[in-house]
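Structure record follows, encoded as structure tokens.
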Number of protein chains: 2
Amino acid sequence: MGVSTATVSLVLSGKAAEGRVGKEISEKIRETAKSMNYLPNGLARSLRIGRSQTIGLIVADISNPFFGTLSLYIQEEAEKFGYTVIIANTNESSTKMGEMIDILKSRQVDGYIIVPTEDGDSYITQLVESNKPLVLVDRYFPNIQTNNVIIDNYRASYDATRSLLNNGCKHICLFMYKSKLQHMIERKKGYHDALAEVNRFDEEFLFEINYANIAEDIASSVKKIVSMKKTIDGIFFTTNSISIIGIKELLNHGIEIQKQIQIVCFDKSDAFDFMNITIPYVRQPVAKMGRTSVDLLIDQITNHGDNEADLIMCKLSAKLIEYQDN
Amino acid sequence: MGVSTATVSLVLSGKAAEGRVGKEISEKIRETAKSMNYLPNGLARSLRIGRSQTIGLIVADISNPFFGTLSLYIQEEAEKFGYTVIIANTNESSTKMGEMIDILKSRQVDGYIIVPTEDGDSYITQLVESNKPLVLVDRYFPNIQTNNVIIDNYRASYDATRSLLNNGCKHICLFMYKSKLQHMIERKKGYHDALAEVNRFDEEFLFEINYANIAEDIASSVKKIVSMKKTIDGIFFTTNSISIIGIKELLNHGIEIQKQIQIVCFDKSDAFDFMNITIPYVRQPVAKMGRTSVDLLIDQITNHGDNEADLIMCKLSAKLIEYQDN
DNA sequence: CTGAAAGCGCTTACAG
DNA sequence: CTGAAAGCGCTTACAG
């Protein structure tokens with residue numbers, strides 16, 4: 001075409017304005033580029049400039065609507081800044097998380113947004129030491145210094161439990177995952193403290209579910225509740241998946257929800273609309289969680305080296321929704 | 001370290017076995033590579049070998065669990081072949097789809113798996129002409145020659161409508177999206193033919209919902225049904241999102257589902273478990289759809305040029321589930 | 001059997 | 001004001 005690749009690059013990246021390339025040539029280059037559907041090779045570009053304009057997102061379960069929605073918002077926000085997102089999935093396996101970090105690293109992502117898995121501490125520590133921009137979202141490790149975007153799990157759980165107490169419940173159970181992850185521990189603590197305040201805490205009311213065996217564990221827990229000596233009149237379900245199966249089991253046992261047993265859930269489910277009763281739930285600000293994660297990450301990528309010591313723990317509040325309209 | 005980058009490359013890619021590099025040196029290279037956490041730069045590698053080992057996946061709505069699950073299976077299968085998946089989202093916008101294709105193209109993906117949007121024909125045609133490996137999944141364009149992985153929508157819809165007839169329904173409505181997309185047209189056709197066979201088709205029974213205005217459209221449609229002269233006793237909901245809102249509206253109107261009006265849905269929802277009635281639904285083989293898409297794509301990538309003319313229309317059957325246990 | 005060199009497609013510092 | 005050249009980090013064909 002008669003011009004060097006360098007000139008083309010100059011024109012297409014908009015740097016021709018600095019009096020570099022003549023107007024007529026610029027125009028011609030832009031025209032032919034469009035007509036031949038030319039798109040620069042992003043790989044070569046990234047290799048040269050040392051940035052890939054890509055964010056690596058690692059979630060624990062992409063088929064879970066909560067993480068699906070989170071991914072959606074993360075992508076939308078990243079796009080605003082001209083970043084592409086590569087989503088990877090771990091299925092709650094820390095080994096898989098380690099593998100995914102390596103794959104993303106070799107693809108030279110500019111930063112990571114991660115929903116870490118249980119026992120994933122060592123992989124995260126390693127990543128922190130490699131000094132790459134990183135934001136943990138939804139979950140975090142209290143003894144690793146990272147940027148985190150989470151909700152106030154303690155508060156949310158405390159409020160949920162209080163509301164059951166306020167509604168007259170005497171014997172309130174907690175359904176949670178058996179997990180060392182901090183968000184679970186805090187949900188348990190919020191529940192515990194609310195009950196302990198009024199001397200109503202009892203170890204017997206705690207049900208720890210195995211993620212790998214969720215349906216059976218919940219079924220047997222509900223069975224146990226039904227046959228307990230103390231009449232259970234309240235349950236707090238601490239995740240959306242636990243809620244759905246939990247409610248199903250209660251219905252299976254013919255229990256009248258909100259009459260015999262009052263419940264509060266974490267996250268809303270479409271299913272709630274099908275019931276002729278209102279189910280209170282903790283609403284997580286998922287859009288804000290996604291957007292904030294991206295903003296924090298881009299900030300790190302952009303100002304990298306300026307003030308590396310400034311880590312942010314962004315704790316968003318989750319609201320207890322007791323009466324839903326629509 | 002005393003050895004050239006070339007030698008390192010040879011060793012790490014396992015090509016040292018061909019009598020190229022000595023055992024001791026190989027060992028030492030592998031050791032130091034591990035100890036310093038060395039990971040090859042995938043960008044540079046891809047640039048050199050002309051393949052990125054990456055698949056671009058474009059879905060219409062990642063927050064919809066159906067596409068979330070589909071993405072999950074696509075990723076799992078791709079991983080088996082050593083491919084990474086970049087997921088992009090279009091929100092049912094064809095403009096966005098065009099943009100996403102360009103972004104993925106510039107990132108040099110080796111092939112595309114796409115759930116296309118309405119009016120996205122031109123972008124897909126362009127992609128086909130560029131001769132890049134491509135598989136359309138869930139939806140396709142009958143006048144564009146591509147590899148497709150879909151379900152037998154006509155059959156599924158015909159069977160669903162037949163089952164309502166068999167259960168004694170006289171006046172059966174169809175709830176579908178107002179869309180030019182072939183899968184919708186076929187679902188409509190299956191419904192139409194089943195009814196026409198027994199002279200029960202009536203234009204009045206057709207409800208076309210706007211995706212952008214889904215809640216209001218369904219609400220007004222249900223309202224209309226309730227006040228129709230002919231007593232409606234059956235409804236076929238042709239997507240999961242339509243089903244969920246549709247059922248909610250029926251309940252709002254105090255209609256006893258499966259007594260006053262029998263329904264059949266497309267796809268299962270968690271919500272079904274909450275109802276004290278069984279809701280029949282068309283079960284799409286989502287895992288198989290995902291895996292097959294990847295297999296077909298990898299096949300194209302691998303045998304590219306050999307037999308380009310062989311296009312595959314992979315039509316999987318969907319099963320009508322009338323009685324669910326579990 | 002091994003090392004040096006070329007080249008993938010870009011961007012940018014530099015020489016003319 | 002413009003063109004040629006270097007270099008990002010790999011892989012592989014080639015010379016020694």
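Values reported hereafter were calculated over all heavy atoms of this structure, with side chains retained and with hydrogens, waters and symmetry mates removed. Chain letters run A, B, ... following the sequence lines, proteins first, then strands; residues in each count from 1.
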Base, sugar-phosphate or nothing for Arg48(B)? Non-hydrogen atoms, less than 4.0 Å.
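It contacts base atoms.
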Relative to the 5' end of DNA chain C, which residue comes earlier, Leu43(A) or Arg51(A), by the nucleotide with the nearest heavy atom?
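Its nucleotide being nearer the 5' end, the pick is Leu43(A).
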Assign each of Ser9(A) and Leu47(B) to its nearest nucleotide of DNA chain C by heavy atoms, then name whichever residue's nucleotide is nearer the 5' end.
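Nearest nucleotide further toward 5': that of Leu47(B).
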So do Lys288(B) and Tyr73(B) actually touch side chain to side chain, heavy atoms under 4.5 Å?
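Heavy-atom side-chain distance check fails, nothing below 4.5 Å.
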Watson-Crick/G-U partner (both atom distances under 3.5 Å) of dA4(D)
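Partner of dA4(D): none.
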Who is the Watson-Crick or G-U wobble partner of dA13(C), with both distances under 3.5 Å?
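Across any shown strand, dA13(C) pairs with none.
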Can you measure [X] atom [atom1] to [N] atom [atom2] for me and round it to whole angstrom units?
X	N	atom1	atom2	answer
Gln53(A)	dC8(D)	CD	C1'	16 Å
Lys105(B)	dG9(C)	NZ	C1'	17 Å
Ile49(A)	dG7(D)	CD1	P	19 Å

Answer yes or no: is there a donor N or O on one side and an acceptor on the other, between the side chain of Asp110(A) and the main chain of Ile55(A), under 3.5 Å?
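Checked: no pair found.
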Report the nucleotide, chosen from [options], that has the shortest atom-to-atom distance to any side-chain atom of [X].
X	options	answer
Ala44(A)	dC10(D), dG9(C), dA5(D)	dG9(C)
Thr7(A)	dA5(C), dC10(D), dG3(D)	dG3(D)
Arg45(B)	dT11(D), dT12(D), dC10(C)	dT11(D)

Just N and O in the side chain of Tyr38(B): are any of them under 4.0 Å from OP1 or OP2 of dG9(D)?
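For dG9(D), neither OP1 nor OP2 has a side-chain N or O of Tyr38(B) closer than 4.0 Å.
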